[in-house]
A.B. asks: 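I'd like to ask you about the structure that follows.
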Amino acid sequence: MSDQYILALDQGTTSSRAIVFDHVGNIKGVGQKEFRQIFPKPGWVEHDAAEIWSTQIGVAQEALSKAGIRASDVAAIGITNQRETTVIWDRATGKPIANAIVWQDRRTASYCDSIREEYADTLQKKTGLVLDAYFSGTKVKWLLDNVEGARERAGKGELAFGTIDSWLVYNLTGGELHITDATNASRTLLYDIHTGDWDDELLSILDVPRSVLPEVRNSSEVYGKTAEGLLGAQIPIAGIGGDQQAATFGQACLERGMAKNTYGTGCFMLMNTEHEAVPSTNKLLTTVAWQIGGQRTYALEGSVFIAGAVVQWLRDGLGIIRSSGEVEALARSVDSSDGVMLVPAFVGLGAPYWDSYARGTIVGMTRGTTKAHIARAALESIAFQSAELLEAMQKDSGAPLKELRVDGGASNNDLMMQFQADLLGVPVVRPKITETTALGAAYLAGLAVGYWQSTDEIARQWQEDKRFEPQMEPAERERLMTRWKRAVERARNWEDEASAG
Ligand SMILES: Nc1ncnc2c1ncn2[C@@H]1O[C@H](COP(=O)(O)OP(=O)(O)O)[C@@H](O)[C@H]1O
Ligand SMILES: O=P(O)(O)OC[C@H](O)CO
């Protein structure tokens, strides 16, 4: 097997990527292409599903050619994807009936408000999720209600719904398979994470017909093969996982209490709770981490919507840096943020607030405030938001964290990682391979075809690159967290409902 490779398809929010991995988890070739972000109205975010497919298959070919290998050298394909983003397509033609509605899209926020009192508890008990426009269910309903003739056609069985994993598998197999895996299903508000199946009560609350749903499968199994003529050989498709769950697997957080935080556009912290779906009393999500051999492993998740994106805002919105990498030097040019706090609630706040109506704010400025203080406050805001996730997580799980494994583009910022360790009072550890999302998908696929034998083998491949030890006094940590929470209060509930929903 050692002369063979695994191909991971990593379909993210802003780009489609493909990575070829070898047996020891080294990267042999990468293809990446950005695609269009469509903003038809304030608060709406769409993708062209056809473009997602064309860029994804294009980068898969590019990764193979960069690695200098042929499709017949690939033992299996693993798929990982931006989660919750919703596509509905025509089963006869394979064409989407509308643009995909992206996870960040807020168009169903007021609908969520309208059913919150009656149904939020039931939805949370069964799905582990908070009722929010973030998840797929209300997006499916919106498409069925707003695309002409869609509900009627769905009733006749003519339409298929899928998250991006389903859409890719459908296209990779030439329209043969309409499936998803348990991690992606667990982000829809339609799937009972305890029984492991779509649920009639949930379907009826959100008015979604069963006829549009994909079959839910394990995260690691051979589902089928790529269609003839697509890549040059028919490759088994053998792993599917939502990107944050795949990163948890790729970080080898395989035991109860192990956690990772991914610092990309947003921040997503997941803690493995093994086979217990731990309910949150602190507004976190309970979600499926992976399902292997019919057995579900669960995680507690905290989702922050704006993390690395605040650095993009410093670059594109304020113009005070030219590239994301410059932020560290600018922030280091001052000793502290000098009391300035920036709350990047640009699209509301996710966990633990779930406030669609919060908006960004900067407080504590004086005549002495410079762009360096703002840059430092922006970086610190990423760490403060993550610290709040960890606070909630430790309350829910009842277990103190031993270390936090980190990855994602913004985790390369040493200044921020040290501040993160200081605020958490827990060591922050960065692995050698930070492409953990794609690696996790590769592991899921490789396990299914015997390329890797066991999760123990995977855990042994994880290697530490850098460790940040907490250095801050607990009293100072306490003081800073209290000030942060005061700043958050000033950002909350700012936009009025009519213009936000
Ligand atoms: N040195 C850095 N310090 C802070 N943020 C950074 C740095 N380098 C990149 N970023 C941020 O990381 C994000 C990109 O990370 P990535 O993991 O590729 O995100 P995604 O998968 O969500 O597109 C961008 O938002 C960028 O602003
Ligand atoms: O595409 P990413 O990496 O920003 O991840 C998006 C998440 O899956 C949304 O839940």
Side-chain angles (χ1 to χ4, degrees), residues 9-17 19 30 32-35 37 45 47 52 56 79-86 100-105 129-130 132-136 139 163-165 183-184 186-188 241-248 250 260-270 285 287 299 301-318 321-332 344 346-347 350-351 375-376 378-383 386 406-420 430 434-438 440-441:
L9 307 184
D10 177 2
Q11 206 302 304
T13 310
T14 55
S15 71
S16 297
R17 288 146 61 71
I19 302 186
V30 181
Q32 176 162 6
K33 192 153 172 52
E34 288 192 9
F35 55 86
Q37 306 290 314
V45 189
H47 291 158
I52 285 188
Q56 190 62 65
I79 294 172
T80 181
N81 56 289
Q82 54 164 323
R83 306 169 302 169
E84 299 98 11
T85 298
T86 299
I101 305 184
V102 177
W103 60 276
Q104 295 155 321
D105 190 294
L129 305 176
V130 169
D132 192 86
Y134 176 27
F135 305 105
S136 317
K139 301 181 198 287
T163 39
I164 296 298
D165 55 310
T183 68
N184 279 293
S186 77
R187 314 296 296 187
T188 59
D243 56 9
Q244 302 308 324
Q245 286 90 337
T248 312
K260 70 90 202 178
N261 197 20
T262 300
Y263 299 79
T265 308
C267 247
F268 298 89
M269 189 184 289
L270 271 76
L285 310 175
T287 204
E301 172 175 324
S303 332
V304 160
F305 297 147
I306 300 285
V310 71
V311 176
Q312 288 170 338
W313 176 73
L314 297 180
R315 186 192 62 194
D316 307 334
L318 290 190
I321 48 173
R322 275 165 306 172
S323 69
S324 302
E326 281 181 16
V327 70
E328 185 163 351
L330 181 60
R332 269 191 202 281
F346 303 150
V347 291
R376 194 158 179 130
L379 284 183
E380 290 180 355
S381 76
I382 302 175
S386 297
V406 298
D407 53 61
S411 73
N412 292 315
N413 189 311
D414 287 1
L415 176 72
M416 189 174 80
M417 289 299 108
Q418 182 57 52
F419 187 67
Q420 184 72 86
R430 196 166 60 203
T434 50
E435 290 291 355
T436 52
T437 301

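Just follow the structure's listing: the first ligand is 1, and inside any ligand the first atom is 1.
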A.B. asks: Tell me which protein heavy atom sits closest to atom 3 (N) of ligand 1, plus the residue, atom name and distance to 0.1 Å.
C.D. replies: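 The closest one turns out to be Asn413 ND2, 3.0 Å.
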A.B. asks: What residues form a side-chain hydrogen bond (donor to acceptor under 3.5 Å, both in side chains) with Ser303, not counting sequence neighbours?
C.D. replies: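 Scan of Ser303 (side-chain hydrogen bond (donor to acceptor under 3.5 Å, both in side chains), adjacent residues dropped) gives Glu301.
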A.B. asks: Does ligand 2 have a heavy atom under 4.0 Å from the side chain of Arg187, from its backbone, from both, or from neither?
C.D. replies: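 The answer is neither.
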A.B. asks: Report the nearest protein non-hydrogen atom to atom 7 (C) of ligand 2: residue, atom name, distance rounded to 0.1 Å.
C.D. replies: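 Ranking protein heavy atoms by distance from atom 7 (C) of ligand 2, first comes Asp243 OD1, 3.6 Å.
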A.B. asks: Within the 4.0 Å heavy-atom shell around Gly12, which atoms of ligand 2 are there?
C.D. replies: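 Answer for ligand 2: 1 (O).
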A.B. asks: May I ask you to list the atoms of ligand 2 that are less than 4.0 angstrom from any heavy atom of Tyr134?
C.D. replies: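 Result: 9 (C), 10 (O).
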A.B. asks: Counting both backbone and side chain atoms, is some N or O of Glu84 under 3.5 Å from an N or O of ligand 2?
C.D. replies: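 Between Glu84 and ligand 2 (N or O atoms, distance only) the closest approach is under 3.5 Å.
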A.B. asks: Tell me yes or no: between the side chains of Tyr263 and Gln420, is some donor less than 3.5 Å from an acceptor?
C.D. replies: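 A donor-acceptor contact under 3.5 Å links the two side chains.
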A.B. asks: Can an N or O of Trp103 be found at a distance shorter than 3.5 Å from an N or O of ligand 2?
C.D. replies: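 It does not: no N or O of Trp103 is found under 3.5 Å from an N or O of ligand 2.
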A.B. asks: Against heavy atoms of Gly408, which atoms of ligand 1 measure under 4.0 Å?
C.D. replies: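 Reading through ligand 1 atom by atom, the close ones are 17 (O).
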A.B. asks: Could you tell me whether ligand 1 has any atom less than 4.0 Å away from a heavy atom of Gln312?
C.D. replies: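 Gln312 counts as a contact of ligand 1 under the 4.0 Å cut-off.
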A.B. asks: Can you name the closest pair of heavy atoms from Val310 and Ser381 and give their distance?
C.D. replies: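 Scanning both residues completely, I find the closest heavy atoms to be CG1-OG, 4.3 Å.
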A.B. asks: So, does Ala309 sit close enough to ligand 1 that a heavy atom of it is under 4.0 Å from the ligand?
C.D. replies: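 Distance cut 4.0 Å: Ala309 passes for ligand 1.
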A.B. asks: Is the closest N or O pair between Gly308 and ligand 1 shorter than 3.5 Å?
C.D. replies: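 Among all N and O atoms of Gly308, at least one is under 3.5 Å from an N or O of ligand 1.
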A.B. asks: Which protein non-hydrogen atom lies closest to atom 16 (P) of ligand 1, naming both residue and atom, and how far is it?
C.D. replies: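 Closest protein heavy atom to atom 16 (P) of ligand 1: Gly409 N, 3.7 Å.
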A.B. asks: Can you find a protein heavy atom closer to atom 18 (O) of ligand 1 than 4.0 Å?
C.D. replies: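 Protein heavy atom within 4.0 Å of atom 18 (O) of ligand 1: absent.
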A.B. asks: Does any N or O in the side chain of Lys139 come within less than 3.5 Å of the main-chain N or O of Ala133, such that one atom is a donor and the other an acceptor?
C.D. replies: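 Yes; at least one donor-acceptor contact below 3.5 Å.
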A.B. asks: First locate atom CZ of Arg376, then atom CD of Glu380, and finally report the distance between them rounded to the nearest 0.5 Å.
C.D. replies: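 Reported value, rounded in 0.5 Å steps: 5.5 Å.
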A.B. asks: Mind checking whether Phe268 and Trp103 have parallel, tilted or perpendicular rings, split at 30° and 60°?
C.D. replies: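 Perpendicular.
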A.B. asks: Record the part of Ala410 in heavy-atom contact with ligand 1 below 4.0 Å; permitted values are side chain, backbone, both and neither.
C.D. replies: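 Looking at Ala410 and ligand 1, atoms from backbone and side chain both fall under 4.0 Å.
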A.B. asks: Hey, mind stepping through Arg430 and Asp407 against salt bridge (charged side-chain N to carboxylate O under 4.0 Å, His left out) and telling me if it holds?
C.D. replies: CA-CA 6 Å; Arg430 196 166 60 203; Asp407 53 61; over 6 Å; no
A.B. asks: Could you check whether Thr248 and Gln245, counting side-chain N and O atoms only, form a donor-acceptor pair closer than 3.5 Å?
C.D. replies: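 No, Thr248 and Gln245 have no side-chain donor paired with an acceptor closer than 3.5 Å.
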A.B. asks: Would you say Val327 contacts ligand 1, with heavy atoms under 4.0 Å as the rule?
C.D. replies: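 Contact check Val327 vs ligand 1: positive.
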A.B. asks: Looking only at protein heavy atoms, which one is nearest to atom 20 (P) of ligand 1, and how far off is it?
C.D. replies: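 I find the closest protein heavy atom is Thr265 OG1, 3.5 Å.
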A.B. asks: In the protein, what heavy atom is nearest to atom 26 (C) of ligand 1, and what distance, to one decimal place, separates them?
C.D. replies: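 Looking at atom 26 (C) of ligand 1, the protein heavy atom closest to it is Ser324 OG, 3.6 Å.
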A.B. asks: Is ligand 1 less than 4.0 angstrom away from at least one heavy atom of Asn412?
C.D. replies: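 Asn412 does not count as a contact of ligand 1 under the 4.0 Å cut-off.
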A.B. asks: Does a side-chain heavy-atom distance below 4.5 Å link Ile164 with Ile52?
C.D. replies: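 Heavy-atom side-chain distance check passes, below 4.5 Å.
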A.B. asks: May I ask you to identify, for Thr14, whether its side chain, its backbone, both or neither come under 4.0 Å of ligand 1 on a heavy-atom basis?
C.D. replies: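 The answer is the side chain of Thr14.
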A.B. asks: Please check if any side-chain donor atom of Thr80 sits under 3.5 Å from a side-chain acceptor atom of Thr437, or the reverse.
C.D. replies: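 There is no such pair between these side chains.
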A.B. asks: Quick test: of every protein heavy atom, which one is nearest to atom 4 (O) of ligand 2, and how far off is it to 0.1 Å?
C.D. replies: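 Atom 4 (O) of ligand 2 sits closest to the protein heavy atom Thr13 OG1, 3.2 Å.
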A.B. asks: Is there a donor-acceptor contact under 3.5 Å from the side chain of Asn412 to the main chain of Gly409?
C.D. replies: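 Side chain of Asn412 to backbone of Gly409, a donor-acceptor pair under 3.5 Å: yes, one is there.
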A.B. asks: With no hydrogens and no angle check, just 3.5 Å: does a side-chain donor-acceptor pair link Thr163 and Arg187?
C.D. replies: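 No, Arg187 and Thr163 have no side-chain donor paired with an acceptor closer than 3.5 Å.
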